[in-house]
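In what follows, a single structure is set out as structure tokens and then discussed.
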Amino acid sequence: MGARRPLFQRPAIVEGRGSDARTRFFPPCRPCWPAFPDDRKAPMEDPKTNPLIQQRLDKLEALREAGINPFPNDFRPTHTAAEIVAAHGDAGADALGALDETFAVAGRVMAFRSFGKAAFVKLQDRSGAIQAYVRRDAVGTGAYQWFKRTDVGDYLGVVGTLMRTRTGELTVDAHEVRLLTKSLRPLPEKWHGLTDKETRYRQRYVDLVMSPRVRETFRTRARIVQLVRGFFQDRDFVELETPMMQPIPGGATARPFVTHHNALDMTLYLRVAPELYLKRLVVGGFERVFEINRNFRNEGLSNQHNPEFTMLEFYQAYATYEDLMGLTEELLAHVSRELTGSTRITYQGDEIDLAPPWDRLTVREAVLRHGEIDEAGVDDPAALAAYARGLGIEVEGLPHGKVLAEVLETVAEPHLVQPTFITRYPVEVSPLSRRSEDDPRFVDRFELYIARREIANAFSELNDPVDQLERFRQQAAALAAGDDEAHRVDRDYIRALEYGMPPTAGEGIGIDRLVMLLTDSPSIRDVILFPHMRPES
RNA sequence: GGGCCGUUAGCUCAGCUGGUAGAGCAUCGGACUUUUAAUCCGAGGGUCGCAGGUUCGAUCCCUGCACGGCUCACCA
């Protein structure tokens with residue numbers, strides 16, 4: 001805990017260090033990537049050994065022999081389930097009977113209740129679900145014969161009129177029913193659904209079929225990204241895309257993934273942040289620019305960390321980190337309101353209000369408020385180091401500023417439930433930030449905490465190329481000395497700054513964590529469709 | 001890497017003090033033309049994660065391993 005670093009803290013890249021487990025990600029990949037070993041084949045069971053699948057294969061064969069295509073693609077639904085419910089959900093039985101309209105719906109069979117010469121099927125489509133009633137007398141004996149062999153999981157197309165059942169459910173009274181796709185693999189049990197987390201993540205398609213809540217989470221995710229995009233577009237920001245494969249990975253403290261370009265015979269890194277490229281674009285005249293895309297960090301996995309994750313980064317010229325605090329308040333309040341109609345959300349039992357203004361505390365103030373140390377102690381390196389050691393933090397060789405940042409994370413982070421800006425970070429932990437004019441030991445930077453988690457990191461950008469080169473050089477020296485937080489020198493980035501970058505403020509917001517917050521999801525794996533997993537064994 | 005928990009039918013889970021395994025759903029056969037986890041009758045389906053050990057006998061006890069979940073640490 002004490003040694004944990006901010007997710008979005010910037011600085012450099014470290015190569016080749018670490019345990020054997022880690023160096024596996026750094027193979028000597030030339031001239032081309034090694035072939036995948038044979039044992040990577042997916043270890044799915046052989047259908048022939050699963051009697052349930054074999055039965056369905058037999059049904060498939062029987063359909064083909066009867067001249068029925070089990071995978072046709074000529075059925076065109078006229079309505080979704082939700083459209084029908086929206087239009088006629090309130091209509092009584094008489095009104096439905098008087099309706100002179102036929103409806104074609106298609107979907108996956110989620111329930112099949114047969115009565116011998118009639119059956120109810122629940123069809124699930126992208127909008128929801130609707131029930132159909134299929135009678136032998138209505139669809140014909142021939143069609144009914146194979147319809148009776150429908151399996152849960154199959155796709156059906158149904159054409160019919162609307163009716164209301166004895167129990168009051170709006171139902172399509174079929175006069176035509178067609179198999180649209182035969183399903184060969186049985187779905188999980190209908191009542192409990194798919195509960196095994198590993199299977200849910202590995203076979204997300206099944207999870208999505210079975211769990212409305214999961215489908216809703218990812219719809220919400222799409223909506224959040226859309227709202228964020230609209231927010232910036234409305235404010236004259238341009239969305240651009242910068243390289244994900246970079247010769248010098250920079251902009252964040254993280255180990256990169258390594259890959260290789262065969263034709264150029266060169267090492268490339270998957271980016272850990274778009275930062276240095278987006279600021280090149282500011283140099284080029286895109287005074288307001290943003291990107292929402294993937295970053296890759298070669299790190300451990302946890303509830304809050306996936307090797308690839310989605311980050312929003314945006315840069316605004318002629319603005320400071322203080323301007324971005326206001327903008328961030330607006331952004332999150334806007335997204336929450338559009339999403340839920342309110343700025344109040346519940347996250348894992350905590351009531352959180354995103355309505356501005358949010359608390360603003362300096363690092364020093366936060367430590368004083370939540371830690372057991374007084375002002376004299378915070379400002380005295382020896383006293384603070386002793387306090388940190390008492391908290392279990394490894395402080396050997398760390399400058400005062402880094403110790404302060406560690407103490408902050410240990411003592412204050414667990415209390416930062418309501419949205420809180422933490423400002424005035426030490427320059428030692430902020431190598432790309434602009435120094436504060438009133439005190440060069442600190443930088444013009446904030447991190448936003450909500451629900452005890454870092455959600456955003458922002459600062460007024462360092463645009464003095466001489467200072468930046470000097471900081472890079474110090475990093476390079478530290479790198480040579482074995483400091484795993486050291487940066488590489490990115491000479492092209494310096495060159496860009498030498499042409500002149502207007503005064504600018506920039507910010508990164510972790511989209512996955514934002515989605516977790518707004519969907520009340522406890523794990524990042526709940527908001528990433530296909531989270532990284534070990535290979536199936 | 002440490003700790004805790006788990007791995008039994010396609011799915012969800014029981015399984016007592018050690019005596020070669022059960023339920024519901026699903027499947028197959030039969031009945032049933034307004035069901036809501038439909039119902040009723042019948043049937044099939046298991047290398048109890050893997051490998052050792054103890055024992056006359058192990059799903060059960062012991063050891064190791066694999067895989068997974070949670071968590072702590074590391075990555076940061």
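Protein chains get the first letters and strands the later ones, always in sequence-line order, with residue 1 at the start of each. Just so it is clear, the values below take in all heavy atoms, side chains as well, and ignore hydrogens, waters and symmetry mates.
Across all strands shown, B:rG22 forms a Watson-Crick or G-U wobble pair with B:rC13, both key distances being under 3.5 Å. Across the strands present, B:rC50 finds its partner in B:rG64; the criterion is a Watson-Crick or G-U wobble pair with both atom distances under 3.5 angstrom. Across all strands shown, the partner of B:rC70 is B:rG3, judged by Watson-Crick or G-U wobble contacts whose two distances both fall under 3.5 Å. A 3.5 Å limit on both hydrogen-bonding distances identifies no Watson-Crick or G-U partner for B:rG57. When Watson-Crick and G-U wobble pairs are counted only if both distances are under 3.5 Å, B:rA43 pairs with B:rU27.
The pair A:Arg271-A:Glu313 does not count as a salt bridge, with every side-chain nitrogen at least 4.0 angstrom from each carboxylate oxygen. At a threshold of 4.0 Å, the pair A:Asp151-A:Lys182 counts as salt-bridged, since one of the basic side-chain nitrogens sits closer than that to a carboxylate oxygen. Ion pairing between a basic and an acidic side chain is recognised when a charged N comes within 4.0 Å of a carboxylate O; A:Glu275 and A:Lys279 show such pairing. The pair A:Lys402-A:Glu428 does not meet the salt-bridge criterion, since no charged nitrogen lies less than 4.0 angstrom from a carboxylate oxygen.
Atom P of B:rC50 sits at a distance of 10 Å from the matching atom of B:rU59, rounded to the whole Å. The gap from the C1' atom of B:rU27 to that of B:rU12 amounts to 16 Å, rounded to the nearest Å. B:rU17 sits 12 Å from B:rC61 when the C1' atoms are compared, rounded to a whole Å.
Considering only side-chain N and O atoms, A:Arg166 lies under 4.0 angstrom from the phosphate OP1 or OP2 of B:rU35. Taking 4.0 angstrom as the limit, A:Thr195 places a side-chain polar atom (N or O) nearer than this to OP1 or OP2 of B:rU12.
In this structure A:His415 satisfies the ring-ring contact (aromatic ring centres under 6.0 Å, His included) test together with A:His370, sequence neighbours excluded. Qualifying side chain to side chain contact (heavy atoms under 4.5 Å, CB included) partners for A:Arg164, counting only residues two or more places apart in sequence or in other chains: A:Ala93, A:Leu96, A:Leu170. A search for side chain to side chain contact (heavy atoms under 4.5 Å, CB included) contacts involving A:Arg441 returns A:Asp439, not counting sequence neighbours. Residues that satisfy the side-chain hydrogen bond (donor to acceptor under 3.5 Å, both in side chains) test with A:Thr165, not counting sequence neighbours, are A:Thr167.
Between A:Phe103 and A:His88, the angle of the ring planes goes over 60°, which puts this pair in the perpendicular group of the 30/60° scheme.
Here the P atom of nucleotide B:rC40 and the CZ atom of A:Phe115 are 13 Å apart, to the nearest Å. The distance from atom CD of A:Gln203 to atom P of B:rG68 is 15 Å, rounded to the nearest whole Å. Look at CG on A:Asn298: it is 18 Å from P on B:rC74, rounded to the nearest Å. The NE2 atom of A:His532 sits 14 Å away from the C1' atom of B:rC75 (whole-angstrom rounding). In this structure, A:Phe120 atom CZ and B:rA37 atom P are separated by 13 Å, rounded to whole Å. Rounded to an integer number of Å, the gap from CD of A:Gln54 to C1' of B:rA9 is 18 Å. Straight-line distance from the CG atom of A:Leu57 to the P atom of B:rG10: 16 Å, rounded to whole Å. Protein atom CG of A:Asp196 is 14 Å distant from nucleotide atom C1' of B:rC5, rounded to whole Å.
Along RNA chain B, the nucleotide closest to A:Thr165 and the one closest to A:Ser523 are compared, and the more 5′ of them pairs with A:Thr165.
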Between the protein and nucleotides 24-29 of chain B, list the N/O to N/O atom pairs that are separated by less than 3.5 angstrom.
from, atom 1, to, atom 2, distance (Å)
B:rG24, N2, A:Glu189, OE2, 3.1
B:rA26, OP1, A:Lys190, NZ, 3.1
B:rU27, O3', A:Gln55, OE1, 3.2
B:rU27, O2', A:Gln55, OE1, 2.0
B:rU27, O2', A:Gln55, NE2, 2.7
B:rC28, OP1, A:Lys59, NZ, 2.8

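In the set B:rG68, B:rC13, B:rC70, B:rC70 carries the atom at the smallest distance from any side-chain atom of A:Asn303. Set against B:rC32, B:rU35, B:rC13, the side chain of A:Ser114 has B:rC32 as its closest nucleotide. Proximity note for A:His305 (side chain, C-beta onward) versus B:rU35, B:rG68, B:rA76: the nearest is B:rA76.
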Problem - Criterion side-chain hydrogen bond (donor to acceptor under 3.5 Å, both in side chains) on A:Gln348 and A:Asp520, from CA distance to verdict - result: CA-CA 6 Å; A:Gln348 301 297 294; A:Asp520 198 16; 2.9 Å; yes
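Applying a 4.0 Å cut-off to non-hydrogen atoms, the residues of residues 133-147 of chain A that approach RNA chain B are A:Tyr133, A:Arg135, A:Asp137, listed by residue number.
In summary, the aromatic rings of A:Phe421 and A:Phe446 are positioned with their centroids under 6.0 Å apart.
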